[in-house]
Trainee: 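After the structure tokens below, expect a handful of questions from me.
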Amino acid sequence: MTNHIPHRSYQKKYTLSSSRTGSTSLILGRGIVAFLFLFLLLQPQTALEAVRDGLLLWYHSVLPVLFPFMILSGLIVRLHLIEQLPSWLFVPLQRLFRCSRNGCFAVLAGFLCGFPMGARITHDLHMQNMISDQEAGHLYGFVNNVSPAFVISFLASECVHRPDTALFFLFCILGASFLYGILTRPKEIPADTEDFSSSGEPAAFSFLLVDTCIWEGVRHTVKLGAYITLFSLITAAATCLLPPHGTASLIIPSCLEVTNGVLAVSSCELPFFILAPLLCAVCAFGGLSAFAQTISIASMDSTLAFQYLKSRVTVTLLAALLSCGVLLIAIHTSAGSKPASVSSHYSSAVSLSDSEGIVE
């Protein structure tokens, strides 16, 4: 009899905790919906511009890039084409991250294609029983990143106006996810698809298979467009309540959406050795918009979503620390007797920190 009392007490505490969490989420959700509805009524022109900006961002940047890749990645997974790719693509990744051959495909896609393709492919591989639950949880933590094209063309060229800093930002932002994947890797390389009995044989190529992949691509791409537009509206509504030049006007857009966050941070007149870690942190986190997109496209439950959020926070801290470390090493090296020996990868960061100080 006494053995059941602690169990019932625990269940009661857990139920009370769950009910409190649910009621808090309900109140928060109602508040956000009511706030956005009032914003649409009171600021229709600003809301219209925000929705238009979100749709244009989706139409010009997301749709032409991610939609065809979603179709092709779906076909690659279902036709088991990963097995036909050369081994030299996977062996280094398997040894570094201790992931299976199938998991390596999610790593490649996540680091090359950006949000949320790493999570999408990880989810597809998991649903096809081509990777285990444990490996999927490990991959979700580090394969979802901003794309190299975003860092090179938008961050370094358009926002910082220094294309020569692209390698520095790539090293710090993607390097943080790379480091997280190594630090959290399992003890052994997991088995591949043959060890999962339900993975089955590769699907036969047919128009029905292509139609299925097209429909999934359309569904996920439209979802991404809806989330991008919604968070563009939320950002515009929040900006209306914030002072134009304050800390809150810098933090909130950075937490909501990565593009607006990068624009807000890069517009500040800060020394580069302060600006660079902030930009790396914003890009590494990705914003709540990318977080919501990932939860939706990967069909995450609350437990997995919380684990994913913790991994993004950790990667964000690693990116900021990594950028600070690189800048300190570069500045210290440039102050020596042989500044020409500084690596070309970080020479632009050194010149910005030492000679200019402020990013124009």
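All of these numbers come straight from a predicted model, not from anything done at the bench. Residues: numbered from 1 along the sequence shown.
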Trainee: More than 12 heavy atoms of other residues, nucleotides or ligands under 6.0 Å from CZ of Phe35: yes or no?
Mentor: yes
Trainee: What's the shortest heavy-atom distance between Cys99 and Gly103, and which atoms?
Mentor: SG-C, 4.3 Å
Trainee: Taking the side chain from Ser232 and the backbone from Ile228, do they hold a donor-acceptor pair closer than 3.5 Å?
Mentor: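 No, the answer is negative, given that no donor and acceptor are paired below the 3.5 Å cut-off.
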Trainee: Determine yes or no for a side-chain-to-main-chain donor-acceptor pair under 3.5 angstrom, with Ser254 supplying the side chain and Ala264 the backbone.
Mentor: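 Answer holds: no.
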Trainee: Does the side chain to side chain donor-acceptor pair (under 3.5 Å) test come out yes or no for Asn144 and Thr294, once each step is laid out?
Mentor: CA-CA 8 Å; Asn144 226 26; Thr294 302; 2.7 Å; yes
Trainee: Is there a donor-acceptor pair closer than 3.5 Å between any side-chain N or O of Arg312 and the backbone N or O of Ala284?
Mentor: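 Side chain of Arg312 to backbone of Ala284, a donor-acceptor pair under 3.5 Å: yes, one is there.
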Trainee: Taking Arg120 first and then Glu216, would you say they form a salt bridge - that is, a charged N and a carboxylate O separated by under 4.0 Å?
Mentor: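 Salt bridge present between Arg120 and Glu216.
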Trainee: Taking Thr165 for its side chain and Arg162 for its backbone only, find out whether a donor-acceptor pair lies under 3.5 Å.
Mentor: yes
Trainee: Got a sec, which residues hit side-chain contact (heavy atoms from CB on, under 4.5 Å) with Ser206, two or more places apart in sequence or on another chain?
Mentor: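 Testing Ser206 for side-chain contact (heavy atoms from CB on, under 4.5 Å), a comparison that skips the adjacent residues, returns Leu208, Leu209.
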Trainee: So does Val218 get a backbone contact from the side chain of Thr221, meaning a donor-acceptor N/O pair under 3.5 Å?
Mentor: no
Trainee: According to a 4.5 Å side-chain heavy-atom criterion applied to Ile, Leu, Val, Met, Phe, Trp and Tyr, with indirect links allowed, do Ile274 and Val282 form part of one hydrophobic cluster?
Mentor: yes
Trainee: When you group the ILVMFWY residues by side-chain heavy-atom contacts below 4.5 Å and let the links chain together, are Leu233 and Leu56 in the same group?
Mentor: no
Trainee: Which atoms form the tightest heavy-atom contact between Ile121 and Ala109, and what is the distance?
Mentor: CD1-CB, 3.2 Å
Trainee: For Met70, does its backbone N or O pair with a side-chain atom of Ser73 as donor and acceptor, under 3.5 Å?
Mentor: yes
Trainee: Arg219 side chain to Trp215 main-chain N or O, any donor-acceptor pair under 3.5 Å?
Mentor: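 Not confirmed, Arg219 side chain does not pair with Trp215 backbone.
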Trainee: May I ask whether Val313 and Leu321 are part of the same hydrophobic cluster, defined by side-chain heavy atoms of I, L, V, M, F, W, Y residues being less than 4.5 angstrom apart, directly or through others?
Mentor: no
Trainee: Tell me the closest heavy-atom pair linking Glu257 and Ser289, and the distance in Å.
Mentor: CG-CB, 4.0 Å
Trainee: List the atom of Leu275, the atom of Val265, and the distance in Å for their closest heavy-atom pair.
Mentor: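 Shortest heavy-atom separation between Leu275 and Val265 comes out as CD1-O, 3.1 Å.
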Trainee: At what distance, to the nearest 0.5 angstrom, does NE2 of His220 lie from CE of Met117?
Mentor: 9.0 Å
Trainee: Considering non-hydrogen atoms only, spot the tightest contact between Leu41 and Pro44 and give its length.
Mentor: O-CD, 3.7 Å
Trainee: Does the Arg98 side chain pair with the main chain of Arg185, one donor and one acceptor, at a distance under 3.5 Å?
Mentor: no
Trainee: From Leu270 CG over to Leu279 CG, what is the distance, rounded to the nearest 0.5 angstrom?
Mentor: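 One finds 9.0 Å between CG of Leu270 and CG of Leu279.
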Trainee: Is any side-chain heavy atom of Leu40 less than 4.5 Å from a side-chain heavy atom of Leu36?
Mentor: no
Trainee: Which atoms form the tightest heavy-atom contact between Ala298 and Ala119, and what is the distance?
Mentor: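 For Ala298 and Ala119, the tightest heavy-atom pair comes out as CB-O, 4.1 Å.
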Trainee: Do any N or O atoms from the side chain of His161 and from the backbone of Glu158 form a donor-acceptor pair under 3.5 angstrom?
Mentor: yes
Trainee: Is a donor on one side and an acceptor on the other found under 3.5 Å between the side chain of Ser296 and the backbone of Ala292?
Mentor: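 Side chain of Ser296 to backbone of Ala292, a donor-acceptor pair under 3.5 Å: no, none is there.
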Trainee: Check the hydrophobic clustering (I, L, V, M, F, W, Y; side-chain heavy atoms under 4.5 Å; chains of links allowed) and say if Val143 and Leu304 are grouped together.
Mentor: yes
Trainee: Side chains of residues 168-184: which donor-acceptor pairs under 3.5 Å do they make with residues two or more places apart or in other chains?
Mentor:
from	atom 1	to	atom 2	distance (Å)
Ser177	OG	Asn145	OD1	2.4
Thr184	OG1	Tyr180	O	2.7

Trainee: Membership question, hydrophobic clusters at under 4.5 Å side-chain separation (ILVMFWY): are Tyr140 and Leu96 in the same one?
Mentor: yes
